[in-house]
Amino acid sequence: MDVYLQQLPQQLVNGLTIGGVYALIAIGYTMVYGILFMLNFAHGEVYMIGGFAGWWVLNLLSRNNVPIMNAAIVISLMLIIAMAVTGLLGMMIERFAYRPLRKAPRLNLLLSALGVSIFLQNLVLNYQGAEIRFFHVSSLIPESIRVFHIGNVVLSFTRILVILVTFLLMALLTVMVKKTKVGKAMRATAQDTEAATFMGIDVDRIIVLVFLVGSALGGAAGTLVGLLFTQVDYYVGFQAGLKGFTAAVLGGIGNIFGAMMGGIILGLVEALATTFFPSAYKDVVAFVILILVLIFRPWGLMGEKIPEKV
Amino acid sequence: MNKIPILELQNVDTYYGSIQALYDIDIVIYDGELACLLGGNASGKSTILKTILGVCNIRKGMVKLNGERIDGKPTKYIISKGVAIVPENRRIFPRLSVLENMEMGAYLRTDRTEVKRDIERMLGLFPRLKERLHQPGITLSGGEQQMLAMARALLSNPKILLMDEPSMGLAPILVDQQFDLIHKVNQQGTTVFVVEQNATMALSIADRGYVLQTGSIVLADTAQALLNNEMMQKAYLGGEN
Ligand SMILES: Nc1ncnc2c1ncn2[C@@H]1O[C@H](COP(=O)(O)OP(=O)(O)OP(=O)(O)O)[C@@H](O)[C@H]1O
Ligand SMILES: [Mg+2]
């Protein structure tokens, strides 16, 4: 038992890191579901392309795997460009794959999402190949700040970075959704689309914005995980998508704060599970949670059983 | 009163898919008046309002606002030209606070300080909303939700206010208050077009009325004339007046 207790702080930190990433991915699922009542299966691929965009920027700014600029600038550019690329990608997916089907049966939309997912995966496979691409993080971050030891907790620079950035992005999103006019319009549209049109809210524009924001957060998550685990390949979107989706369902799909909570809880539970079970079981945890939630509390932790449409 | 038409529907046919819901509708609403539209369940009352708002597309005829054709225009545009609605069942945003619901009513306005002042004015008019300013809309009672829907609609500073069955689901005393309020809003200069099944109540405050039956206008007259109309007495007024 002592061994477990000793490991606990480390696992909490690990869980918080990956949990923040899951939360960012889950937000994209939940925001789209909140307005369109569809599962955007292409979201995992958006995350993957975010990872590639970050990797591409890092490579572009490096000579012989050594960055030519200050780490802070390189990392900022990686994140900004990954978010811009994926935000734009999300808007295009909405425009060309989902909007034409707005009035079609839900199943058509779902199939279109699967199609986009397969298309994007193959697109990347075609241009980047199947091999794993490595983020040369060790040459990016100066030796002196690469790893910190606090008690028996090992904190890498990238881990701290991931925690800070994920929580910063979540805080910004919260302010946007809670305090700004457009954020309130977003919530209004999710709660009652027709009533929102009656207020003069341009629902099409709100939907575009939802895809922009959700996808950009997913893209940021892709780059952050690339920095954390130093690799990306064309297939990483599948696993990440499942985790994000599980987190969204756990929090109550459609509920943004639920998605944040769901992601963090999923990350923590996964990390703690590795203290008690072989780490090979880690990924099973998410599925067990998904199934349990769907059976016993399908509206999730924060979801309310208030009908969305009156 | 010099009669300037503010809203006109001319020979309007509206369909839901292949099913026709409105037949050759002719309605004129004059600036400053209080007009009502009476009709039973599924007669097409809400469809007329949705047609005005551009939510339902027309297949024949035209809709004009202040002489300008608005059929085919996006809802946002029509709202921006001074139309507001208190929808059927009120349609409060359930998880937005009372204040946020009101802010959504003023969504297209850019005069932020004026909006603030107008919200204060609404809270003066509806003190119960003031007490519940930060509660989610869903927690309000039916009567309070009706007040909120009214405040929300008025916050766009409409020239013409559309109301879809404001008496629905309200206790009789609240219905009276609601209609007093509609009357007051009209007297303060807002044109009102109210859709009702409660014909007695609506005609008691209206200047003119239209009667709708299965998608067609069957009667159009002054409120007084409609109150005395024999067919009205039988079909809608229950002979009680
Ligand atoms: N979205 C829709 N799709 C298809 N048909 C519809 C739709 N909305 C209304 N209808 C049909 O159009 C007709 C008129 O409906 P509408 O809602 O305008 O009636 P109403 O007079 O407002 O009724 P109520 O008093 O019940 O509110 C009805 O037959 C209804 O079934
Ligand atoms: Mg109706």
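The figures here come from the full heavy-atom set of this structure, side chains too, leaving out hydrogens, waters and symmetry mates. Keep in mind the model is a prediction, meaning the values are calculated, not measured. A note on names: the letters A, B, ... follow the listed sequences, proteins ahead of strands, and every chain is numbered from 1.
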If I measure from the heavy atoms of chain A, does B:R90 come under 4.5 Å with its side chain, its backbone, both, or neither? neither

With a 4.5 angstrom heavy-atom cut-off, which part of A:K179 approaches chain B: side chain, backbone, both or neither? neither

Return the set of residues passing side-chain hydrogen bond (donor to acceptor under 3.5 Å, both in side chains) with B:Q135 (not counting sequence neighbours), or none when no residue passes. B:T139

Neighbour count above 12 (heavy atom, 6.0 Å) for B:K184 NZ: no

For the CZ atom of A:F198 and the CG atom of B:L162, what is their distance to the nearest 0.5 Å? 9.5 Å

Tell me, side chain or backbone of B:A84 under 4.5 Å from chain A's heavy atoms, or both, or neither? neither

Counting neighbours of CZ on A:R99 that are heavy atoms of other residues, nucleotides or ligands and sit closer than 6.0 Å, is the number greater than 12? yes

Look at the side chain of B:K76 and the backbone N and O of A:T197, then say whether any donor-acceptor pair between them is shorter than 3.5 Å. no

To the closest 0.5 Å, what do you measure between CG (A:D202) and OG1 (B:T75)? 9.5 Å

Does B:M122 have more than 12 heavy atoms from other residues, nucleotides or ligands lying within 6.0 Å of its CE? yes

Is B:R109 in contact with chain A via its backbone, its side chain, both, or neither, using a 4.5 Å heavy-atom distance? backbone

Quick one: pull up OG1 in A:T189 and CZ in B:F93 and give me the separation to the nearest 0.5 Å. 7.0 Å

Can you find a heavy atom in the side chain of B:Y107 that is under 4.5 Å from one in the side chain of A:K184? no

Among B:K50, B:E103, B:E100, single out the residue with the greatest number of heavy-atom pairs under 4.5 Å to chain A. B:E100

Nearest heavy-atom contact between A:R187 and B:L96 is NH1-CD2, 3.5 Å

Just so I know, are the side chains of A:M199 and B:I79 near enough to count as touching, which here means a heavy-atom distance under 4.5 Å? no

